[in-house]
Number of protein chains: 2
Amino acid sequence: MARTTGSHSEITGPRIREAALRLFARHGYAAVSMRQIATEVGVQAGALYNYTADKQSLLFSLMRGHMDELLAAHAALGQDGSPTARLERFTRFHISFHADRPQAVFISYMELRSLEPNNFQIIEALRRDYEDALESILRDGMAGGDFTIADPKIATLAVIAMLTGVNTWYRSAGRLSLEEVEQVYWDMVHRSVTE
Amino acid sequence: MARTTGSHSEITGPRIREAALRLFARHGYAAVSMRQIATEVGVQAGALYNYTADKQSLLFSLMRGHMDELLAAHAALGQDGSPTARLERFTRFHISFHADRPQAVFISYMELRSLEPNNFQIIEALRRDYEDALESILRDGMAGGDFTIADPKIATLAVIAMLTGVNTWYRSAGRLSLEEVEQVYWDMVHRSVTE
DNA sequence: CTTTGATCTGAACATTTGTTCAGTTATCAG
DNA sequence: CTGATAACTGAACAAATGTTCAGATCAAAG
């Protein structure tokens with residue numbers, strides 16, 4: 001064996017993923033060429049194929065990685081406390097997690113249509129898992145009298161849309177700190193599900 | 001002169017716009033070729049250039065048309081009534097208007113990045129006009145004691161994100177009628193800005 | 001140093017891209 | 001019918017696309 005430790009693969013691999021994430025988020029999957037990604041990394045286009053089977057796999061891998069991270073981090077939140085406490089935790093988690101990785105969030109939503117059918121179904125299923133977690137909180141709160149909700153399915157999607165919308169304008173150097181943003185949104189979310 | 005009345009241009013023109021709207025919404029601007037649009041219309045690619053200067057102009061024209069329609073329809077709502085009445089009218093209007101033309105809405109949001117800088121600024125300005133209209137309602141309601149809002153700028157964006165999110169799941173053949181959807185969202189919006 | 005194999009280059013490939021334009025077709029005015 | 005012209009075809013263009021691969025490069029193992 002030769003060239004295992006000093007190999008560049010542990011550097012080039014992540015750099016390709018970072019460059020692809022950045023470019024896909026900015027210009028869209030279809031508008032970005034493999035040559036652009038390669039240039040960003042400082043390598044020729046052919047070298048990319050040591051790290052991904054093809055362009056589609058690269059996109060899927062980015063999205064899959066993001067969704068796995070999201071679900072793992074969410075699972076770590078636990079299920080303790082009242083529905084209200086759980087909803088607050090979910091709200092703050094969603095905002096801060098998404099604010100931390102705006103590009104991956106953007107891609108995972110915008111580029112769903114660029115996925116081949118098989119890959120699409122996998123990502124969709126993961127997203128449903130996440131939405132179901134919120135829906136459970138809302139249903140528990142309805143059953144326990146904590147929340148007043150007309151339709152928990154719709155409320156789930158409405159809340160997620162509202163929270164994910166933070167990413168369209170939030171910048172860490174902006175007027176409000178993340179903590180303040182979380183507080184404002186938690187107030188609005190809480191009120192929207194209570195009378 | 002000849003061939004003015006029986007001309008096909010009044011048929012082909014709109015059909016090109018419809019095909020482009022449908023294809024851009026489904027696959028994205030960059031992923032759709034002029035030839036695909038032409039095929040959909042039943043014409044050769046070259047013929048498209050009797051109706052648009054280039055691909056970019058076609059996209060811009062679709063977005064510009066949508067934003068103009070949106071602002072005109074919104075202006076027709078008027079400014080009468082209390083802030084609460086105006087907010088309800090805005091909410092119901094936004095949902096029904098957007099539910100009627102999901103493809104144009106999708107494009108006008110997703111393909112902003114595909115616009116050249118000049119075109120981008122024009123569309124962005126129109127969108128800000130629309131957001132400002134909602135912000136005015138919220139500020140009036142704060143001043144009059146109708147609403148309790150921590151930050152009207154954020155509340156504006158949060159409400160619009162929530163409402164536009166309807167388009168990600170609403171289908172006219174679905175479980176709920178548009179009227180029911182409007183009611184559910186109006187309840188949530190109203191509660192989110194009041195104590 | 002020599003060998004080994006991972007890493008990358010650089011050129012090549014078949015397609016596809018947006019756009020142009022000379023020429024054909026079709027329809028109405030006179 | 002004749003002539004005019006709007007509408008369209010079909011071929012052509014240079015440039016760019018994703019992907020492949022033989023060969024060069026290079027760092028570590030023996």
Side-chain angles (χ1 to χ4, degrees), chain A residues 1-21 23-24 26-63 107 111 113-119, chain B residues 1-21 23-24 26-63 107 111 113-119:
Chain A
M1 251 210 293
R3 199 163 184 182
T4 50
T5 342
S7 168
H8 282 180
S9 73
E10 286 153 24
I11 297 178
T12 306
R15 287 193 60 198
I16 289 174
R17 296 175 61 84
E18 286 159 23
L21 190 72
L23 290 170
F24 287 166
R26 180 136 52 202
H27 303 110
Y29 173 75
V32 172
S33 71
M34 295 299 269
R35 271 169 254 259
Q36 286 177 52
I37 298 172
T39 299
E40 194 93 342
V41 177
V43 100
Q44 293 299 313
L48 301 184
Y49 291 84
N50 289 324
Y51 301 91
T52 183
D54 48 29
K55 196 186 175 190
Q56 169 74 200
S57 300
L58 181 53
L59 174 65
F60 175 68
S61 169
L62 290 172
M63 293 177 70
I107 288 176
E111 299 300 350
R113 63 183 171 194
S114 302
L115 289 176
E116 288 166 3
N118 290 347
N119 292 338
Chain B
M1 251 209 292
R3 196 161 187 186
T4 49
T5 342
S7 168
H8 283 182
S9 74
E10 286 153 24
I11 297 178
T12 306
R15 289 192 59 199
I16 289 173
R17 295 174 62 85
E18 287 159 23
L21 189 72
L23 290 170
F24 287 167
R26 180 137 50 204
H27 305 109
Y29 174 76
V32 172
S33 72
M34 295 300 267
R35 272 170 252 259
Q36 286 176 54
I37 298 172
T39 299
E40 195 92 342
V41 176
V43 100
Q44 292 298 315
L48 301 183
Y49 291 85
N50 290 323
Y51 301 91
T52 183
D54 49 28
K55 194 185 177 190
Q56 169 75 201
S57 300
L58 180 53
L59 174 66
F60 175 68
S61 169
L62 290 172
M63 293 178 71
I107 288 176
E111 299 300 350
R113 64 183 170 194
S114 302
L115 289 175
E116 289 165 3
N118 291 346
N119 293 337

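These numbers come from the heavy atoms of this one structure, side chains and all, not from hydrogens, waters or symmetry mates. Chain identifiers are assigned alphabetically (A, B, ...) following the order of the sequence lines, protein sequences preceding nucleic acid strands; residue numbering begins at 1 within each chain.
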In this structure, how many angstroms lie between the [atom2] atom of [N] and the [atom1] atom of [X], rounded?
X     : N      : atom1 : atom2 : result
B:I37 : C:dT19 : CD1   : C1'   : 13 Å
B:M34 : D:dG10 : CE    : C1'   : 16 Å
A:I11 : C:dT7  : CD1   : P     : 11 Å
A:Q56 : D:dG18 : CD    : P     : 12 Å
A:I16 : D:dT19 : CD1   : P     : 13 Å
A:K55 : D:dA16 : NZ    : C1'   : 12 Å

Pair up each side-chain donor or acceptor in residues 53-60 of chain B with any protein partner under 3.5 Å, not counting sequence neighbours, and list the distances.
from  : atom 1 : to     : atom 2 : distance (Å)
B:D54 : OD1    : B:S57  : N      : 3.0
B:D54 : OD1    : B:S57  : OG     : 2.7
B:K55 : NZ     : B:Y29  : O      : 2.9
B:K55 : NZ     : B:V32  : O      : 2.7
B:Q56 : OE1    : B:E116 : N      : 2.9
B:Q56 : OE1    : B:N119 : ND2    : 3.1
B:Q56 : NE2    : B:S114 : O      : 3.1

Where do N or O atoms of nucleotides 9-12 of chain C meet protein N or O atoms at under 3.5 Å, pair by pair?
from  : atom 1 : to    : atom 2 : distance (Å)
C:dT9 : OP2    : A:Q44 : N      : 2.6

>> When you compare the side chain of B:T52 with that of B:I16, does any pair of heavy atoms fall below 4.5 Å?
In response: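 With C-beta onward as the side chain, the pair stays apart.
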> Is there a side-chain contact between A:Y51 and A:R17 (heavy atoms, below 4.5 Å)?
Replying inline: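 No - every pair of side-chain heavy atoms lies 4.5 Å or more apart.
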Is any side-chain N or O of [X] closer than 4.0 Å to OP1 or OP2 of [N]?
X     : N      : value
A:Y49 : C:dC8  : no
A:S33 : D:dT17 : yes
B:T12 : D:dC8  : yes

> Touch check for B:V32, heavy atoms < 4.0 angstrom, all strands: base, sugar-phosphate only, or nothing?
Replying inline: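 Touches sugar-phosphate only.
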>> Evaluate A:Q36 against A:T39 for side-chain contact (heavy atoms from CB on, under 4.5 Å), listing each step before the verdict.
In response: CA-CA 5 Å; A:Q36 286 177 52; A:T39 299; 5.7 Å; no
> Quick one: salt bridge (Lys or Arg N to Asp or Glu O under 4.0 Å) partners of B:R15, sequence neighbours excluded?
Replying inline: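 Counting only residues at least two positions away or on another chain, B:R15 forms no salt bridge (Lys or Arg N to Asp or Glu O under 4.0 Å).
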>> So which atom in B:E40 and which in B:A19 form the shortest heavy-atom distance, rounded to 0.1 Å?
In response: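 What the structure gives for the nearest pair is CG-CB, 3.8 Å.
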